[in-house]
Amino acid sequence: MPDLQTTTFTLDDLRARAEGRGPIPPEVRLAVLGSPVEHSLSPAMHNAALESLGADLRYAKIECSPEHLAEAVDLARRAEFVGLNLTIPHKFEALTLCTELDDTARQLGAVNTLLFDGSRIVGFNTDGPGLVRAIREVFSFDLRDLRVMILGAGGGAGSAAALQCALEKCPRLVLVNRTEGKAHDIAQRAKQLLHSDRLEGPEDPVTVIPLEESDLREQLARIDLVINATSLGMKRTDPRLIPASLLTPDLMVYDMVYRPAVTRLLEDAQNAGARTSNGLSLLLHQGALALEIWLNRPAPLEVMRRALDQAV
Ligand code: NAP
């Protein structure tokens with residue numbers, strides 16, 4: 001058996017597997033498709049869980065470009081995979097490949113988990129619910145009780161977070177994105193979700209602001225939780241996303257980036273006395289929820305957490 005954490009398989013490998021040959025072992029019946037996918041820690045987390053449960057399944061990572069997504073999903077189904085995870089850049093396109101969607105996937109407009117059931121391809125989104133669990137775990141607060149600012153609300157992860165906040169009926173939602181138009185699009189969708197079962201209050205609960213110091217300062221005074229969903233922070237040389245002077249001790253700051261474990265944003269927030277967390281808890285909880293969908297049994301959370309800690 002190749003090392004499934006360090007090996008990245010190709011579409012050709014999946015084609016061969018669908019014909020019963022090639023380098024992907026027959027035990028592999030779960031995988032993450034993405035591009036790039038090499039950095040993914042999901043095989044370490046899921047294989048530790050599968051081993052501890054005594055399941056005769058394994059999880060691999062497969063590089064797949066957008067133009068080959070439909071073929072890859074079909075190949076995996078024909079190769080009798082149980083399901084798939086989807087990561088950058090497939091979460092939106094995958095919607096069109098599902099024969100059914102669960103409510104969250106439909107409301108968030110993105111799919112990160114597929115379950116194969118005969119000819120049915122059921123799409124789920126565990127990113128949003130995973131964020132709810134992560135925030136509860138690391139800050140001991142429910143997302144629905146927090147006034148939230150999302151930096152990078154127009155990106156894939158940021159839009160899922162923003163729409164999940166709307167589903168949770170967060171009392172305030174401030175959306176920030178370098179390309180402001182994208183945040184306005186997400187704000188419209190968030191408002192539809194928020195207003196579907198409640199009348200608009202005296203203040204519009206969803207606000208879009210530019211990534212400008214004065215706007216950020218004004219809004220942060222009435223925010224409990226800041227979520228960084230931009231890709232800034234992954235490199236130590238990345239510039240600051242927001243000035244350190246804007247961060248205050250009463251804030252909670254959640255950075256979806258988890259490598260490095262302490263980004264510049266988290267370092268600034270810690271220096272300001274704020275509570276902080278990186279994004280490893282989101283990776284863990286979205287993964288645990290996906291595993292529960294595939295296996296229909298509780299995920300061994302602590303086993304998965306230890307495997308992630310080691311892999312990272
Ligand atoms: P994405 O769809 O490409 O979105 C990237 C976001 O970052 C966009 O909002 C983009 O703004 C913004 N951005 C990029 N460079 C910027 C800059 N120089 N200044 C300001 N904003 C900038 O990527 P994604 O899939 O949402 O991922 C975003 C981050 O979340 C990544 O670091 C990823 O690793 C992390 N993530 C973590 C988890 C987890 O499990 N912890 C899960 C998913 C994602 P524009 O719209 O203006 O381009």
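Order of listing sets the numbers, starting from 1, for every ligand and every atom in it. What you see is a predicted model; the values in this text were computed from it and never measured.
Judged purely by atom type and a 3.5 angstrom limit, W294 has no side-chain atom pairing as donor or acceptor with the backbone of L289. In this structure, the side chain of R29 engages the main chain of E80 through a donor-acceptor pair within 3.5 Å. Although no hydrogens or angles enter the test, the distance criterion places no donor-acceptor pair under 3.5 Å between the side chain of Q286 and the main chain of G130.
Nearest to atom 10 (C) of ligand 1 among the protein's heavy atoms is R178 NH2, 4.3 Å. The nearest heavy-atom contact from the protein to atom 19 (N) of ligand 1 is L232 CD1, 3.6 Å. Counting only heavy atoms of the protein, atom 9 (O) of ligand 1 lies nearest to N177 OD1, 2.7 Å. Atom 12 (C) of ligand 1 has as its closest protein heavy atom T230 CB, 3.7 Å. Protein heavy atom in closest approach to atom 24 (P) of ligand 1: A157 N, 3.8 Å. Counting protein heavy atoms only, atom 1 (P) of ligand 1 is closest to G156 N, 3.9 Å. The protein non-hydrogen atom at the shortest distance from atom 4 (O) of ligand 1 is G155 CA, 3.4 Å. In terms of protein heavy-atom proximity, atom 42 (C) of ligand 1 is nearest to L282 CD2, 4.2 Å.
Contact check for I242 versus L265: side-chain heavy atoms found under the 4.5 Å cut-off. Under the 4.5 Å side-chain criterion, counting only non-hydrogen atoms from C-beta, D268 is in contact with R240.
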Inset, instruction - Mind running side chain to side chain donor-acceptor pair (under 3.5 Å) on E63 and T10 for me, showing each step along the way? - result: CA-CA 5 Å; E63 178 74 25; T10 65; over 6 Å; no

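For the side chain to side chain contact (heavy atoms under 4.5 Å, CB included) criterion with I293, the lone passing option out of V122, D102, L115, V82 is L115.
Taking a cut-off of under 4.0 Å to the non-hydrogen atoms of L283, the atoms of ligand 1 that pass are 40 (O). Interface atoms of ligand 1 facing I88, defined by a heavy-atom separation under 4.0 Å, are 25 (O). Counting the atoms of ligand 1 from 1 in the order shown, those under 4.0 Å from a heavy atom of K182 are 45 (P), 46 (O), 48 (O). Taking every heavy atom of G152 and a limit of under 4.0 angstrom, the matching atoms of ligand 1 come to 9 (O). Under a 4.0 Å criterion applied to the non-hydrogen atoms of G279, ligand 1 contributes the atoms 39 (C), 41 (N).
Among pairs with a residue in residues 44-57, none fulfils side-chain hydrogen bond (donor to acceptor under 3.5 Å, both in side chains), at least two apart in sequence or across chains.
For Q164 and E168, the side-chain atoms include at least one donor-acceptor pair closer than 3.5 Å. If you check the side chains of N112 and T126, you find a donor sitting under 3.5 Å from an acceptor. Donor-acceptor pairing under 3.5 Å is recorded for the side chains of D250 and T248.
For ligand 1, the polar-atom distance check against A153 finds no nitrogen or oxygen pair separated by under 3.5 Å. Annotation: M234 places no N or O atom under 3.5 Å from an N or O atom of ligand 1; distance criterion only. Any N or O atom pair closer than 3.5 Å counts here, and K91 shares no such pair with ligand 1. Checked by distance only, ligand 1 and G154 stay at 3.5 Å or farther apart across all their nitrogen or oxygen atoms. Note: an N/O pair closer than 3.5 Å links T179 and ligand 1 by distance alone. Polar contact check, V257 against ligand 1: no nitrogen or oxygen pair lies under 3.5 Å apart.
Residue contacts with ligand 1: Q286 is excluded, as none of its non-hydrogen atoms falls under 4.0 Å.
Under the 4.0 angstrom criterion, atom 33 (C) of ligand 1 counts as lacking any protein heavy-atom contact.
Within 6.0 Å of CD in E38 there are 12 or fewer heavy atoms belonging to other residues, nucleotides or ligands.
D74 has a carboxylate O that lies under 4.0 Å from a charged side-chain N of R78, or vice versa, which qualifies the two as a salt bridge.
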